[in-house]
2 protein chains.
Amino acid sequence: MPLSTEPIQLPERSLQLFKALVDHFIQDGHPVGSRTLARDTNLELSPATIRNIMADLEDLGLLRSPHTSAGRIPTAKGYRLFVDSLLCVHDLDSSEIEKIAKELDSGQDMKSLLNRTSSMLSDITRLVSVVMLPRSDQPVLQHVEFVTLSDNRVLVILIVSDREIQNRIIHTARVYSASELQQASNYLNKVFSGKELTKVRTELIHELEQMKDNVSQLMQMAIEMAQKAFMSGESGDDYVLSGQTNLMNVAEMCDVEKLRKLFESFNQKRDILHLLEQSIHATGVQIFIGEESGYEVLDDCSIVTSPYEVDGQILGVLGIIGPTRMHYDRVIPIVDITAKMLGSALNSRN
Amino acid sequence: MPLSTEPIQLPERSLQLFKALVDHFIQDGHPVGSRTLARDTNLELSPATIRNIMADLEDLGLLRSPHTSAGRIPTAKGYRLFVDSLLCVHDLDSSEIEKIAKELDSGQDMKSLLNRTSSMLSDITRLVSVVMLPRSDQPVLQHVEFVTLSDNRVLVILIVSDREIQNRIIHTARVYSASELQQASNYLNKVFSGKELTKVRTELIHELEQMKDNVSQLMQMAIEMAQKAFMSGESGDDYVLSGQTNLMNVAEMCDVEKLRKLFESFNQKRDILHLLEQSIHATGVQIFIGEESGYEVLDDCSIVTSPYEVDGQILGVLGIIGPTRMHYDRVIPIVDITAKMLGSALNSRN
DNA sequence: TTTTGCACTCGGCTGACGAGAGTGCTAAAT
DNA sequence: ATTTAGCACTCTCGTCAGCCGAGTGCAAAA
């Protein structure tokens, strides 16, 4: 949630100075003082003047000093102003776009596509990337197929919601012929395809009980089989993360304990997931800066997300997680374009 | 590689003392001094005597002091003696065995089985676990199946080496009917099943060129399709890791830089993989202590591995990675039994 | 309104110092 | 001959003082 605040109206000069300060700080991470700023900006001002201006900015809550007599650093609110009004994102150079495109084109299945997207993202941003897997609200059975393996092992292929494919090997009491399996799958497809998985499951149970005696052996077999296959259906993992180690390079994360907490929350997924879900109905890139995320472990982190969509329908969210002091001007367009390209990559296979 | 050394012959008392020291150190990680040892062992000796003995042990290279006037800690050689001759592994209590069994039974596919094995291992050891995926030396095509999805999308299912199942969705130039696809898969299965994937690939190319004109449209289609499916065949990931964050809890790993290097080598996989492959032809549990591994990043780590096998044939290796100061008496039997149970779990689906 | 000058503050580095833990050696005791 | 007691010595760790440098805030001058 962006901190609600009256629109900040500042003299042009202060803004310029502020931007210079943030740029500087993002660059090398040290608190920046008046002298440095006087030297490095083209506005011809003495350190003293700059000190005055910085004092004003501090009063507005845009800056703070880590301690008396260090320079100033931006607050979350400061970063917010920065990304909202001051930041000029420069376009990606075509080599990078190409690199992204290359990772996303080839004809891979969904899961590995998302995996590659994620590792590509963390690779070029040198930060942690996260790609939320499409959460199929109500998975719909699209197609069932049986393939005989050796002996009494049967491979069940479930195609769910037109995208996800699940394989499961099940053991059957007796050996079934190919044609028997064919008939079984025909039956299942005819009766159940297009229905939600949960419904399929309950109906299967129902059917099994009701027609226990008079149903043909084959149907029984088919139902049992499908039921077995539907058991323990949930996939369990809801996003992929890459590049965690990148966080260990950033100076802000030098404290092991902090790092541990952060990593732990990556594993627990709950908080991160909740955060991602907030972005799922946003349009375009969304940014959570520092404490705006509402989770303490992420206090020194910013999250830049964007939903990705196919046919105007949002499938999921991807983004990167890094220190608040990150190169927003680079990260934002990267996230943006990746989301778009992922969307169209998914589209072309549809 | 175990350090080659003449068998150490020590008076019983020294050994007892040594074991007590290692136990103590493993327990709480502080260098242990003569006084503590005098207090906590049942041999009635004065600190001075113990100091003498410890000096001897240090001369033998089994102990060292981090600095003058700290207690002693075991060296890698010391740990080696400890695990080889002094360690008494206590059996796992049945609740733990049950827990392991529960994770490994249910009818999941291979990949998720290995995943769960890994996360289970890291969970109960509170260390990093690694499970090497079965490296199929020469993957053999067992079965191909085509399933029509909507329009011109076709799902290709490859069953490789009787275990691994790969799905791939490909786009075709025109729409094929179910029976066409059926025929195509029949053809492919007849001609290629049982052959190694690499061979299949080259033969397909060959076939495609040779019979370009006079081959039936269908065959062409089948071959193209299969070729598309075989492209980019390698899975890419060769082991699964879990529980990295556990390492951040152990006191020895308080240094971020060290930790980073370690994590990085987890990602690069090369070294770890090489290490695992050394164990692949060992029988039973194998242990690398500290520098024995030969990789600098692992200097303060021990690796406990065991191959897992089906029908007497070794499929892969699993194990755990932790600080040299780990509870070998717990970890060793856990790794051992997990490998065995994973083996039989894989067997039952075979 | 901006700049100059100046006193003040604070973090980080350094070096000193004492406490605590543990050792090695020697001499006494068993 | 082995074990123990005594003692001086060494090294780490934590604390504390002192100094330096960077940077601030304020008041007075430009």
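Quick note on labels: first sequence line is chain A, next is B, and so on, each numbered from 1.
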**OP:** Look at the side-chain N and O atoms of B:R13 and state whether any lies under 4.0 Å from the OP1 or OP2 oxygen of D:dT3.
**Re:** yes
**OP:** Under 4.0 Å from any atom of DNA chain D, heavy atoms only: list the residues of residues 47-55 of chain A that qualify, in numerical order.
**Re:** A:R51, A:M54
Original post:
What parts of residues 16-37 of chain A reach DNA chain D, counting only heavy atoms under 4.0 Å away?
Top reply: A:G33, A:S34
Original post:
Above 12 or not: heavy atoms from other molecules or residues under 6.0 Å from CZ of A:R260?
Top reply: yes
**OP:** Determine the interplanar angle of the B:Y79 and B:Y328 rings, folded into 0 to 90°, and report it as parallel if under 30°, tilted if 30 to 60°, perpendicular if over 60°.
**Re:** tilted
Subject >> Nearest non-hydrogen partners of A:L298 and A:L275, listed with the distance >> reply: CD1-CD2, 3.6 Å
Original post:
A:S129 side chain to A:S118 main-chain N or O, any donor-acceptor pair under 3.5 Å?
Top reply: yes
Original post:
Of the nucleotides C:dT9, C:dT4, D:dC11, which one has an atom closest to the side chain of B:T68?
Top reply: D:dC11
Subject >> Where B:L57 and B:S14 come nearest, the two heavy atoms and their spacing >> reply: CD1-O, 4.3 Å
**OP:** Verify the contact: side-chain N or O of A:R72 to OP1 or OP2 of D:dA22, cut-off strictly under 4.0 Å; return yes or no.
**Re:** no
Original post:
When rounded to the nearest 0.5 angstrom, what distance separates CG in B:L318 from CE in B:M132?
Top reply: 10.5 Å
Check: protein-nucleotides 15-18 of chain C nitrogen or oxygen pairs below 3.5 Å:
none

Original post:
Ignoring hydrogens and geometry, is there a side-chain-to-backbone donor-acceptor pair from B:N246 to B:S122 under 3.5 Å?
Top reply: yes
**OP:** To the nearest 0.5 angstrom, please state how far the CG atom of B:L45 sits from the CD1 atom of B:I53.
**Re:** 5.5 Å
**OP:** Please state how far atom CG in A:D56 lies from atom C1' in D:dT24, giving the value in whole angstrom units.
**Re:** 14 Å
Original post:
Do you know which two heavy atoms are closest between B:R325 and B:D28, and how far apart they sit?
Top reply: NH1-C, 3.9 Å
Subject >> Atom pair OG/CD1 of A:S306 and A:I337 - distance to nearest 0.5 Å >> reply: 11.0 Å
Subject >> Over all atoms of both residues, closest heavy-atom pair of B:P31 and B:P66 >> reply: CG-CG, 3.9 Å
Subject >> More than 12 heavy atoms of other groups within 6.0 Å of A:E257 CD >> reply: yes
Original post:
Over its full length, what angle do the end axes of the helix from C:dT1-D:dA30 to C:dT30-D:dA1 make, each axis taken from five pairs and the result rounded to 10 degrees?
Top reply: 10°
Subject >> Listed once per pair and sorted, the side-chain hydrogen bond (donor to acceptor under 3.5 Å, both in side chains) pairs that draw on residues 67-76 of chain A, sequence neighbours left out >> reply: A:E58-A:R72
Subject >> Candidate list B:V130, B:V297, B:L247, test side-chain contact (heavy atoms from CB on, under 4.5 Å), partner B:F266, passing option >> reply: B:L247
Original post:
What is the per-nucleotide protein-contact pattern of nucleotides 13-21 of chain D, from the 5' end, where B denotes a base atom under 4.0 Å from a protein heavy atom, S denotes such proximity for sugar-phosphate atoms only, and - denotes neither?
Top reply: ---------
Original post:
Is the number of heavy atoms from other residues, nucleotides or ligands within 6.0 Å of NZ (A:K261) greater than 12?
Top reply: no
